[in-house]
Amino acid sequence: MTEYSPLLSVKGLGVEFRTRRGVARVLDDVGFELHRGQTLGVVGESGCGKSVTALAVMQLISQPPGRITGGEVRFDGRDLLQFSESEMRRVRGNRISMIFQEPMTSLNPAYTVGDQIAEAVRLHEGLSKAASLARAVEMLDAVGIPAAAQRLHEYPHQFSGGMRQRVMIAMALACKPDVLIADEPTTALDVTVQAQIFDLIADMRERTGTAVMLITHDMGAIAEMADRVVVMYAGRIVEAGAVRDILSAPQHPYTRGLIACAPGRRTVAPGQPLEEIPGTVPSLLERDAGCLFANRCAKVMPRCRAELPPVTTQAGGHQVACWLNQETSA
Amino acid sequence: MAVTVPSPTPTVEAMSPWLEAWRVFRSNKAAMLGLVILSVIVLTMSFGPSLYGVAPFDIAGAPFTPPFTEPSVWLGTDYLGRDVLAGVLVGGRATVLVGLAAATVAVTIGVSIGALAGYFGGWVDTALSRVTELFQVLPALLFAMVLVTLFTPSLTVVIFAIGIVAWTGTARLARAEFMRLRHLEYANAARAIGAGPLRLMLREILPNALPPLIVSATLIVGSAILFEAGLSFLGLSDANVMSWGLMIGSNRRNILECWWAVTFPGAAIFLTVLAVSLIGDGLNDAFNPKLHLR
C-alpha cells in the first residue's frame with residue numbers, strides 16, 4: 001500500500017436505531033481518515049454519535065435495533081462492512097482494539113487480570129497458556145503497573161479505576177493492533193489519573209506505532225494528543241481539520257462554543273460562570289430540514305433552518321459544514 | 001519514557017470470589033451443620049453397607065421384629081423379615097444418586113435453554129420461553145409418573161424423568177442472568193477483543209451467572225430426592241434396587257403394626273433433604289453477602 005493511503009477511512013457512514021417512537025438517524029454521512037501512527041480526536045457533546053461511530057467501525061452495534069444504512073469503513077484497503085461476523089472477530093482485538101469509558105465494569109470479575117489479558121492473546125495468536133501469561137506480564141509492565149508479575153494473579157476488584165483502565169489498555173494493545181479506539185477512556189476517572197492515562201496512551205502510541213482514535217469531550221486532551229480533530233454534532237461531522245487549525249481558528253459556531261466552554265483554556269475570573277452552549281442536542285427522531293445546530297446557534301440565519309449546509313474544504317484540509325462559512329468564502 | 005504510577009500500598013492477598021464465598025459460608029452455622037450432616041450421610045452410604053455386611057433384600061430375621069430388641073437386627077425387620085438398617089444404609093445410595101444425577105440433568109437442560117434464550121433474545125427467547133412455560137404448567141409428579149410408566153422403570157429412566165420435569169426454574173433463572181449480563185461492559189469488552197457467542201456465553205457470562213444457578217441446583221437436588229422417594233413410594237421405580245422410597249412404599253400397608261420400617265427411611269430422607277436445603281441457603285447467603293446488611 002502507498003504511504004498516502006489512510007489506514008482507516010470511513011465514508012458516508014449512516015446508522016439508524018429503531019425505537020418505539022420511530023427511527024432515529026444516529027449517524028448521518030460520517031466520514032474521516034486515520035493514518036498510521038496518528039491520533040484522531042473525535043469531540044462533541046454526549047449523544048452526538050461519537051461512541052456509535054466507534055462501535056460501527058468495530059461492527060459492534062447490536063442489530064436490531066441498530067442498522068448500518070450505508071457507507072464504507074475501509075481498513076487496510078478492505079471494507080469492514082462487507083466482512084462476515086467471523087472475519088470481523090479476527091479483526092477485533094487483533095488489528096483494531098477498543099477501550100471503554102467504564103474501567104470499573106469493563107473487566108470480568110470472575111477472572112484474574114492476567115487471565116483476561118492472556119485470553120486476548122490466545123484468542124488471536126494461539127499461544128500456549130504460559131507464553132500468553134508471559135505476554136500479559138510484559139503488557140502490564142508496559143502500562144506501568146508495578147509488580148506486574150504479582151498483580152497478574154489479582155482480581156479486578158483489587159485494582160483502582162485508573163489501574164483498571166491501564167489493564168484495559170494492556171489488554172487492548174496485547175496483540176499489537178494497528179488501531180486503538182479509546183472511547184472516553186478517562187471520563188470515569190479522577191482528574192489526576194486522567195492525565196496519567198492520556199500520557200500512557202501517547203506513550204504506547206510512540207512505542208507501538210498504533211494509530212489512535214480518541215473519543216473525548218476534553219478539549220485539553222485533544223490539544224495535547226491529537227493530530228487531527230473531527231467535531232461531531234447530532235450524528236454529523238460539522239468540522240474537521242488539523243488540531244492547530246481547529247483550536248486556533250475554529251470556523252463552526254459549535255466548535256467555537258465547545259472551545260469556549262472548556263474550563264482552563266481561558267481564565268475565568270472567580271465568581272464568573274463558565275460559558276455554555278444554550279440548549280441541548282436535538283432529538284434525532286424528528287429532524288428538521290436545515291442545520292441541526294440552528295436552534296442553538298447564536299449566528300443563525302434564515303437559510304440555516306431551510307437547508308443543510310454543505311461541507312467546504314479549505315487550505316490544509318480544514319472542512320466545515322456551516323452556511324456562515326459559505327457566505328464568507330463565496 | 002515509560003509512565004509509571006507510584007507503587008500502591010501492598011494489597012491484601014489475592015482472593016478469588018469463590019474463596020470469599022467459602023469464607024462467608026464457613027461462618028454460617030446452619031449451613032455448616034447441613035454440610036456435616038450430608039457428609040455423614042454420604043460416608044455412611046459409601047462404607048456402611050460393606051461394614052454392616054447384610055444384603056437389604058435378604059431375610060434377616062422374623063418378620064415384624066421391633067427395633068432395639070434383637071442385636072442382630074438393630075432397627076428391626078419389615079413384613080418380609082428384611083433388615084431395616086441394611087435397607088437404610090443401601091437405600092440411600094439409589095436415592096442420593098438419583099437426586100444428584102437428576103439435578104445434573106435438570107440443571108444442564110435448564111442452563112442450556114435459559115442461556116440461549118437470554119443471550120440471543122428475540123424469537124429464540126420467545127420460542128424457548130414458551131417451551132419452558134409448557135413444561136412448567138404440567139403437574140410435575142404426574143408428568144414424571146407418565147414418563148416412567150412409558151418405559152421400563154430403571155434408575156436411568158427415573159433420573160431422566162425427574163430431570164425433565166425439574167429444569168424449568170433453572171431455565172428462567174439462567175435466562176434472566178444471561179439477559180442482564182450480556183449487556184454489561186465486560187461482555188462488550190470481550191466482544192471487542194474478538195470473542196464469539198459461544199465463548200461469551202461459556203467463558204464470560206456463565207461464570208458470573210453461576211452463584212444463583214448453584215443455589216438453585218442445590219435446591220433441585222433436594223426436590224429430586226423427594227421426587228425419587230415419591231416415585232418409589234408409588235412403585236414407579238426399579239423394584240430390584242433398594243431405595244428409601246421403595247422401603248416406605250412396600251411397607252406402607254403395615255404402617256400401624258410396623259412403624260419402624262417406614263420411619264427410619266423417612267427420617268433418612270428428611271435429614272438428607274434438610275441438609276441439602278441448609279447448604280443451599282448457606283450458599284445463597286454466601287453469594288449475596290449484601291442480604292446480611294439489611
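Basis for what follows: all heavy atoms, side chains included, without hydrogens, waters or symmetry-related copies. Just so we're on the same page: letters track the sequence lines, and every chain starts at 1. All figures in this text were calculated on a predicted structure; none of them were measured in a lab.
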**Q.** Reported CD-to-CE distance for the pair B:E185 and A:M168, which is rounded to 0.5 angstrom
**A.** 8.5 Å

More than 12 non-hydrogen atoms from neighbouring residues, nucleotides or ligands closer than 6.0 Å to [atom1] on [X], yes or no?
| X | atom1 | value |
| --- | --- | --- |
| B:F270 | CZ | no |
| B:R172 | CZ | no |
| B:F160 | CZ | no |

**Q.** Side chain / backbone / both / neither for A:I96 at chain B, heavy atoms under 4.5 Å
**A.**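 Contact with chain B involves the backbone of A:I96 alone.
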
(Q) Under 4.5 Å from any heavy atom of chain B, what part of A:M204 do you find: side chain, backbone, both or neither? (A)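 The answer is neither part of A:M204.
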
Q. Which one of A:R89, A:M171, A:Q116 has the most heavy-atom pairs closer than 4.5 Å to chain B?
A. A:R89

Q) Listed by residue number, which members of residues 98-108 of chain A have a heavy atom under 4.5 Å from any heavy atom of chain B? A) A:M98, A:F100, A:E102, A:T105, A:S106, A:L107, A:N108

**Q.** Main-chain N/O of B:R203 paired to A:Y111 side chain as donor or acceptor, under 3.5 Å
**A.** yes

**Q.** Within residues 187-202 of chain B, residues adjacent to chain A where the heavy-atom gap is under 4.5 Å
**A.**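 So the qualifying residues are B:N188, B:A189, B:R191, B:A192, B:I193, B:G194, B:A195, B:G196, B:P197, B:R199.
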
